[in-house]
Amino acid sequence: MTPLEKLLNRSDKTEIKKLNKLVDEIDALEEKISSLNDEELKNMTNIFKEKLKNGQTLDDILPEAFAVVREASKRVLGMRQYRVQLIGGIVLHQGKIAEMRTGEGKTLVAVAPVYLNALSEKGVHVVTVNDYLAKRDKELMEPVYNFLGLTAGVIISGQESIERKEQYKFDITYGTNNEFGFDYLRDNMVLSKDEMVQRELNFAIVDEVDSILIDEARTPLIISGQIEDDEKPYRLANVFIKMLLPEDISVDYKEKTVSLTESGIKKAEMFYQTENLMNTENMGNYHHIIQALRADILMQRDIDYVVKNNEVMIVDEFTGRVMDGRRFSEGLHQAIEAKENLEIQNESKTLATITYQNYFRMYNKLSGMTGTAKTEENEFISTYNLPVVQIPTNKPVLRKDLEDKLYKTEKAKYLAVLKTIESVHLTGQPILVGTASIEKSEILSYLLNKKGLKHQLLNAKNDEEEAKIVAKAGKLNAITIATNMAGRGTDISLGGGDKEEEKKVKELGGLYVIGTERHENRRIDNQLRGRSGRQGDPGISRFYVSLEDEVMKLYGSSKSKKIAEKLADDEEIKDKKLLKTIETSQQTLEMKNFGIRKSVLEYDNVINKQRELIYEDRRKVINGDSVFNHINEMIESEVKEIYDEYISEGIEKYIEDYNINIIKEVYKSREDLIGNEAMRSWERKVILHFVDNYWIDHIDAVEQLKKGIGLLAAGQKDPVKEFTVQSFDMFDDINKNINKDALKHLFA
C-alpha cells in the first residue's frame, strides 16, 4: 500500500466516524417513526416538502427522511437498511462515491438518498449499466416510492420520444448512461420545445460508477448520419496490405498503432501509381491503408469483434458483451468488413457528440456506488470532483484470496486451471471461472467439454439471461464460465436460494472463483473476486497467469523474460518478485489508460465550451426568447462589419445607424405582410437550419483537426493549445457564416 493509499484509508475512517453520528440520529427516530400508521407515514412526504418550502434544506431533514424510508422499506419490501447501508446512502446524498463490497445491497442503499433528493421536485436519475438492470431496479424499489407518494419511471432503448418525456416527468427516473446521454444530444437537435424530453439535470446516482465514468469514458457518445460512400477504396487497401512483408510495416502493440516503413511507402506509391503518398491529395489512400492494417493486425476476431449474421459487431473489452448498434469510427469498421469479405456499410458523419465526462459534469449533483473505485480515486476527484468513501461491510469478509499461480506458457496455465476445476468439482463446490475475452471463454469451454465436465457458458447473451445464469452460479456442482464482468450487478447467492443447499456449499468453502488471467485494470480483477464471499459467506479466489498473457507480454519486466528462458514450458514459476511484476504491469496500464481518457477530455473540454454556446443559442430560439431582438442584433453586427471592411473611416456614424434603421424597417414590413406568429416561426426554422448545418460541419472539421494536430508535438508545440486556438478561430467563422446565411435567407 502506497503512503497516499494509507492516508486515504485514514481519511475514510475519520469520515465513517462522522457518518456514524448521523446514523445514530436516524436510529434514535426509529421508535417514533415505527409507531406511525400507514397514512401518517405516507403523509411525512407532504410534511417534508412543506419544510423545504419554508426554508429548510435537504441536510436538515435527512435523519427524519432516512428513518421514514427505512420504515417504509420494512413495511413494503420486508427489508430494513443496515447501519452500513444508511452510511452508504448518506455518502451518495453528499455527492460522493460509496465503495461497497458485492452483496452489500447497493440497490437498497440508494433508496433513501433517491427519496430525499426527489422531495425537491427537480427529478432524480438512477443510472445503471444496462436496460435489464434499470428495469429490474425500478420495479424492485418502485413500491417504496409509490407508498410514500412519489412516482418512478424507466428509460430503455426502443421507447418513443412521447413515452420518454413522460418517464422524465416522474420524480425518479431509472435508465442507462447511453440513454440519458443520447436523450441530451437529441434534445439539442429538435426543432421545437415540445419535442424535448429531458428536464433539468438535477441529481444522478450512478451504479457501477467505475464502469460508466472510467471504463466507458474513452468512447464519446456520438449520433451519426449515413453518408454515401464508395466501397472500392476499402477493398483496394485490403488487397494492397496482403502484398506487404513484415519489413514494410511498423507495429507498436503497446500503443496499438501501426504505420508504413519507408519500403512500405514505396510499395504503396507503386501500387497507387503516385509519386508521393504523403501529398495532400493522397491522404485518403494513406488513411485507408492504415485502417486496413489496423483491421488486419490489431483487431482480432472474437476478441475485439465478432461476426454475426454477416455483420461485424464490436465486443466491449471490459464486459465481453456484444455492443449492438455501435460501429468503429474513422473507416475502421469498413476496413474490418473488407477484411472479413462482408458487405461494406456506408461510413457515417457525426451529427452530435459529447463525452461521458462532460455529460455527467452537467448534473447539479453527482454521486455513485460500486464495489471497486478506490484505485481510481485520483481520477474521480480530478475529473468529476467525486471523492471515494470505503463503506465497512455489514459482516466480516471471510473470503480467502489465494496467491496467483504463474506459468511460462498459456498452455501450461490452462492445464493448471483445468486440473483445479476437476479437483474442486469432485467435492461439489461451485466454481465461477472468469475470462478476459469471448475467445478465451470458448477455449476453456472446449477443454471442459473434452473432459466431460458439464458447465454454463456466459458468452455474449442478453443481460436478463446472463443475470439468471450468474444467479445460479452458487449452486452445488455448478461450473460457470463467464467474461470477467458478465452479469455485473447480480448477486450470486450460495445454494441459489435453497437453505439446505446453502449450508452444504458453505461447508465446502463457498463459491470458488478462478481468474484465468489478469485484466489490464485491477478493478476488474477485484470485481471478479468480489463475486465470492458476499455478506460474510465463505469463499475462495485465485488467479492463474502466464508470461504469454497480454498484460505480461507487453508490460512485464525484462527480468521475467530472462527467467522464463531457463524454465521448462510446463513449469510453474514461484519467484515472488516476478509475481509482484503482475501488479506493477497493471499499474502501468492504468496510468496509460488514464492518460488516454485525460487526452480525450482535454480536447472535448475545448469543444464543450463551443457546444454549450451553440446549445444555449439553440434553446433560446426554441423557447422563443427574443428571436426578433436576435435578428436585429444580427443586422447591426453585419452592417457594422461591412462598414468596417469596405467603407472609409471618414463616413459619419449617423449614416451607418441610418442604414441599419432602414434595413430594420424593410424587415419589419415583411412581418406586417405575413403576421407576427408566422414570422417568428419562419425565423426559428431558418436560424435552426443554419445553426445545425454549420455546427455539424464544424464537428467534422474539428475531428479532422484533432487527427492532424498531434504532429505539432514533434515541433515542441502543445497540441491542445494549438487545437484550442485553431478550433475557436473556426468557431468564430461558423458563427459569422450562420448570421450571414440566415440574414440572406430571411431577406430573400
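- The aromatic rings of Trp695 and Tyr615 stand perpendicular to each other, their planes meeting at an angle above 60°, with 30° marking the opposite boundary.
- Taking the side chain as every heavy atom from C-beta outward, Val312 and Tyr305 approach each other to under 4.5 Å.
- For the pair Arg597 and Ile214, the minimum side-chain heavy-atom distance is below 4.5 Å.
- Salt bridge annotation for Glu520-Lys592: absent, with no cationic side-chain nitrogen under 4.0 angstrom from a carboxylate oxygen.
- Taking 4.0 Å as the cut-off between side-chain N and carboxylate O, Lys267 and Glu262 do not count as a salt-bridged pair.
- Remark: side-chain polar atoms of Glu548 are paired, donor with acceptor, to backbone N or O of Glu410 under 3.5 angstrom.
- With Thr176 contributing its side chain and Asn130 its backbone, the two residues share no donor-acceptor pair below 3.5 Å.
- In this structure, Met362 places its CE atom where more than 12 heavy-atom neighbours from other residues, nucleotides or ligands lie under 6.0 Å away.
- For Lys450, the NZ atom is loosely surrounded, since the number of other residues' heavy atoms within 6.0 Å does not exceed 12.
- Pairing each heavy atom of Glu517 with each of Lys413, the nearest pair is CB-NZ, 3.8 Å.
- Distance check, rounded to the nearest 0.5 Å: CG of Leu221 to CG of Leu185 gives 6.0 Å.
- Residues Asn177 and Tyr359 have side chains that never bring a donor and an acceptor to within less than 3.5 angstrom of each other.
- Side-chain N/O atoms of Gln527 and Thr372 include a donor and acceptor closer than 3.5 Å.
- For the pair Ser546 and Thr409, the minimum side-chain heavy-atom distance is 4.5 Å or more.
- Side chain of Asn188 to backbone of Tyr184: a donor-acceptor contact under 3.5 angstrom is found.
- In this structure, the side chain of Thr588 engages the main chain of Thr584 through a donor-acceptor pair within 3.5 Å.
- Between the side chain of Arg361 and the main chain of Thr383, a donor-acceptor pair closer than 3.5 Å is present.
- The two atoms that bring Ala295 and Ile336 nearest to each other are CB-CG1, 3.7 Å, heavy atoms only.
- Using a distance-only test at 3.5 Å, with no hydrogens or angles considered, a donor-acceptor pair links the side chain of Gln586 to the main chain of His519.
- Looking only at side-chain heavy atoms (C-beta outward), Leu457 and Ser441 come within less than 4.5 Å of each other.
- Here the shortest heavy-atom pairing between Ser259 and Tyr286 reads CB-OH, 4.4 Å.
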With side chain to side chain contact (heavy atoms under 4.5 Å, CB included) as the test, would you mind laying out the steps for Leu191 and His689 before giving the verdict?
CA-CA 9 Å; Leu191 299 177; His689 171 79; over 6 Å; no

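- Side chains of Ser157 and Asp131: a donor-acceptor N/O pair is present below 3.5 angstrom, by distance only.
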Please lay out, stage by stage, how Gln726 and Val702 fare under the test side chain to side chain contact (heavy atoms under 4.5 Å, CB included).
CA-CA 9 Å; Gln726 291 188 40; Val702 293; over 6 Å; no

Mind running side chain to side chain contact (heavy atoms under 4.5 Å, CB included) on Ile212 and Phe360 for me, showing each step along the way?
CA-CA 10 Å; Ile212 291 170; Phe360 281 106; 4.0 Å; yes

Does Arg294 form a side chain to side chain contact (heavy atoms under 4.5 Å, CB included) with Ile297? I'd like the steps, not just the answer.
CA-CA 5 Å; Arg294 282 183 69 200; Ile297 299 167; over 6 Å; no

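- Atom NZ of Lys740 is surrounded by more than 12 heavy atoms from other residues, nucleotides or ligands within 6.0 Å.
- The pair Arg522-Asp525 fails the salt-bridge criterion, with no side-chain N (NZ, NE, NH1 or NH2) lying under 4.0 Å from an Asp/Glu carboxylate O.
- Using modelled atom types, no side-chain atom of Arg523 and backbone atom of Glu376 make a donor-acceptor pair closer than 3.5 Å.
- Counting heavy atoms of neighbouring residues, nucleotides and ligands inside a 6.0 Å radius, atom CD of Glu247 exceeds 12 of them.
- The two residues Tyr356 and Glu216 have their closest heavy-atom pair at CD1-O, 3.3 Å.
- Between the Asp718 side chain and the Val720 main chain, a donor and an acceptor come within less than 3.5 Å of each other.
- With values rounded to the nearest 0.5 angstrom, Ile607 atom CD1 is found 10.5 Å from Asn358 atom CG.
- Nearest heavy atoms, Ala268 versus Ile289: CB-CD1, 4.0 Å.
- The two residues Ile438 and Thr483 come nearest to each other via the heavy atoms N-CG2, 4.0 Å.
- Using a 30° and 60° split on the angle between ring planes, Phe731 and Phe728 fall in the perpendicular class, above 60°.
- If you check the side chains of Ser727 and Gln610, you find a donor sitting under 3.5 Å from an acceptor.
- Scanning for ring-ring contact (aromatic ring centres under 6.0 Å, His included) contacts around Tyr414 gives an empty result, with sequence neighbours left out.
- Here the options are Asn737, Asn735, Ile734, Ile614, the test is side chain to side chain contact (heavy atoms under 4.5 Å, CB included), and the partner is His698; only Ile734 passes.
- Within the model, atoms CG of Asn608 and CG of Leu601 stand 8.5 Å from one another, a figure rounded to the nearest 0.5 Å.
- Val551 is not listed as a side-chain neighbour of Ile582, based on a closest heavy-atom distance of 4.5 Å or more.
- The line from OG1 of Thr128 to CG of Asp207 is 7.0 Å long, rounded to the nearest 0.5 Å.
- Here the CG atom belonging to Asp692 is positioned 9.5 Å from the CG atom belonging to Leu351, to the nearest 0.5 angstrom.
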Between Asp183 and Arg164, is a salt bridge (charged side-chain N to carboxylate O under 4.0 Å, His left out) present by the stated rule, with each step listed?
CA-CA 9 Å; Asp183 279 341; Arg164 285 172 181 269; 2.9 Å; yes

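- Without hydrogens or angle criteria, Glu269 side chain to Thr274 main chain gives no donor-acceptor distance under 3.5 Å.
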Would you sort out whether Tyr603 and Phe723 count as a ring pair (Phe, Tyr, Trp, His ring centres under 6.0 Å), showing the intermediate values?
CA-CA 8 Å; Tyr603 284 106; Phe723 178 75; 5.0 Å; yes

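- Atoms CG and CE, from Leu293 and Met299 in turn, are 13.5 Å apart once rounded to the nearest 0.5 Å.
- Here Arg611 pairs with Asp604 in a salt bridge; the nearest charged N to carboxylate O distance falls below 4.0 Å.
- Between the Asp304 side chain and the Gln300 main chain, a donor and an acceptor come within less than 3.5 Å of each other.
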